[in-house]
There are 2 protein chains.
Amino acid sequence: MDALESRIGMLWPDAAAFAAGHGLDPLVATKLWENPCWFSFRLNYLALHFNGPVYGYIQERHGLMRPEYVVLYSLSLKDGSTAKAISESSGFPKTTISRAVQSLIERRLIERTPDSGDRRSFRLELTAEGRRITDETLTPMLERERLMLAPLSPAERFMLAELLAKLVVAAPTWPDAVLPGPATV
Amino acid sequence: MDALESRIGMLWPDAAAFAAGHGLDPLVATKLWENPCWFSFRLNYLALHFNGPVYGYIQERHGLMRPEYVVLYSLSLKDGSTAKAISESSGFPKTTISRAVQSLIERRLIERTPDSGDRRSFRLELTAEGRRITDETLTPMLERERLMLAPLSPAERFMLAELLAKLVVAAPTWPDAVLPGPATV
DNA sequence: GGTGTCAAGTTTCATACGGAACTAATTCCC
DNA sequence: GGGAATTAGTTCCGTATGAAACTTGACACC
């Protein structure tokens, strides 16, 4: 009964013709216009085209792996966060974050001070040098976003920001596993 | 001068208060409402909450790694695609796709036939068994998208689909590296 | 105030991953 | 038509990664 609903993203008649007309790879056009899972494809495709260039640049310029920079960036937004919070908000497993934290401490980009009250966890804080790196990196990141969002009008950008925010806000209500289909029982 | 522009996604006054009111992790709220790079965060966060559950399920139920399933799914949309096209449309490096293809051939989920005309490349095609798996997996994938998009009205979903599509269409015009800032020269 | 359960972070270990170099086929172009 | 430059795909190899097990501390419960 949702046959119509799942076709929301598939309103272009002919992916091949569209691809030819827009300099788009034919398979990309198919995934864009003839894909029942239109949402996840667009999400992943766009995320990819942000992450690749940006983390490539950071890696090359500062020698930081992606999880390391994720920690740094998280602290630049909220200094004193714990490894746990960073892990959950970024989606990297806590083991990966733990390693990143150690590496950043060795490089004196962050400091770890025991949390008063709970001796299992630690406040993580940027050093001056760590802050310098996040400051310096913000410009190219913003520039990349600007570039990617350029096709939209300001009103459209605002609309997009709102729609995505609505979804993020709802995330805590989502189950963290896909239910096995009824045939599996 | 774009100070305003980059604050598009940051229109909520107090992330901490918002988090408390919505059962949202405080760091997530900060990344949502006090983050100059609002776009990439929302993109990655949502992609993550699709990929994790869905690929976890596929891995568990069918023993397929993510790149393997990406190949399978790509062929379910456009049978006869080449490894190259799959690599570029999915963002996985060609070496990873190559390995996935080999594994899928061994498991008789796809077949490889030499491309008439260019003997370097191969048409990849689903076997009946491969098709069975993509058919069977589509339901939980659609269900996950439905769940994630549930907070939006049909009109909003349509709007979101359109906005994201506009961006994907523009992707071929994006440089594939972030320019080094002027201070780097 | 012990005992069992849970949570933050670390260590261990097997492996999936992706960059660099390679092979083979194609295209360019003089 | 023949050599240079490109392209599809594979192989090799070092390593970043994440699941499972572990450590240490908090908290519940009686």
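Below, read A as the first sequence line, B as the second, and so on, with proteins coming before strands; counting in each chain starts at 1.
One N or O on the side chain of B:T127 and one on the backbone of B:R108 form a donor-acceptor pair closer than 3.5 Å. In this structure, A:T82 contributes its side chain and A:R123 its backbone to no donor-acceptor pair below 3.5 Å.
Distances were taken from every side-chain heavy atom of B:M65 (C-beta onward) to each of D:dT7, D:dT17, C:dC17; the shortest belongs to C:dC17. Side-chain atoms of B:P93 lie closest to C:dG18 of the nucleotides C:dG9, C:dG18, C:dT11. Closest approach to the A:Q102 side chain among C:dG9, C:dA25, C:dT11 is made by C:dT11 (side chain taken as heavy atoms from C-beta onward). Residue B:A83 places its side chain closer to D:dG9 than to any other of C:dA25, D:dG9, C:dG19.
For D:dA26, the OP1/OP2 oxygens have a side-chain nitrogen or oxygen of A:R119 closer than 4.0 Å. The side chain of B:T96 places an N or O atom within less than 4.0 Å of a non-bridging phosphate oxygen (OP1 or OP2) of C:dG18.
The same ILVMFWY cluster, assembled from side-chain heavy atoms under 4.5 Å apart, contains both A:F39 and A:M159.
The nearest whole Å value for the distance from the NZ atom in B:K94 to the P atom in C:dC17 is 18 Å. In this entry the distance linking CG of B:D115 with P of D:dA8 reads 11 Å, nearest Å. Rounded to whole Å, atom P of D:dA16 lies 9 Å from atom CD of A:Q59. In this structure, B:F122 atom CZ and D:dA8 atom P are separated by 13 Å, rounded to whole Å. C:dT10 atom P lies 5 Å from atom CZ of A:R112, rounded to whole Å. The nearest whole Å value for the distance from the OH atom in B:Y55 to the P atom in D:dG18 is 15 Å. B:E88 places its CD atom 10 Å from the P atom of D:dT7, with the value rounded to the nearest Å. The distance between atom CZ of B:R66 and atom C1' of C:dT15, rounded to the nearest whole Å, is 17 Å.
Within 4.0 Å of B:G91, counting heavy atoms only, lies no atom of the nucleic acid at all. Looking at heavy-atom distances under 4.0 Å, B:K84 makes contact with sugar-phosphate atoms alone, never a base.
Closest of all the heavy-atom pairs between A:T134 and A:L72 is CG2-O, 3.7 Å.
With respect to the salt-bridge test (charged N to carboxylate O, under 4.0 angstrom), the residues B:E88 and B:K84 qualify.
When each of A:R99 and A:D118 is assigned the nucleotide of DNA chain C with its nearest heavy atom, A:D118 is the one assigned upstream, toward the 5' end. Mapping B:S121 and A:R120 onto DNA chain D via the closest heavy atom, the residue that lands nearer the 5' end is B:S121.
Contact annotation: side chain of A:S98 to base of C:dG9, donor-acceptor pair absent below 3.5 Å.
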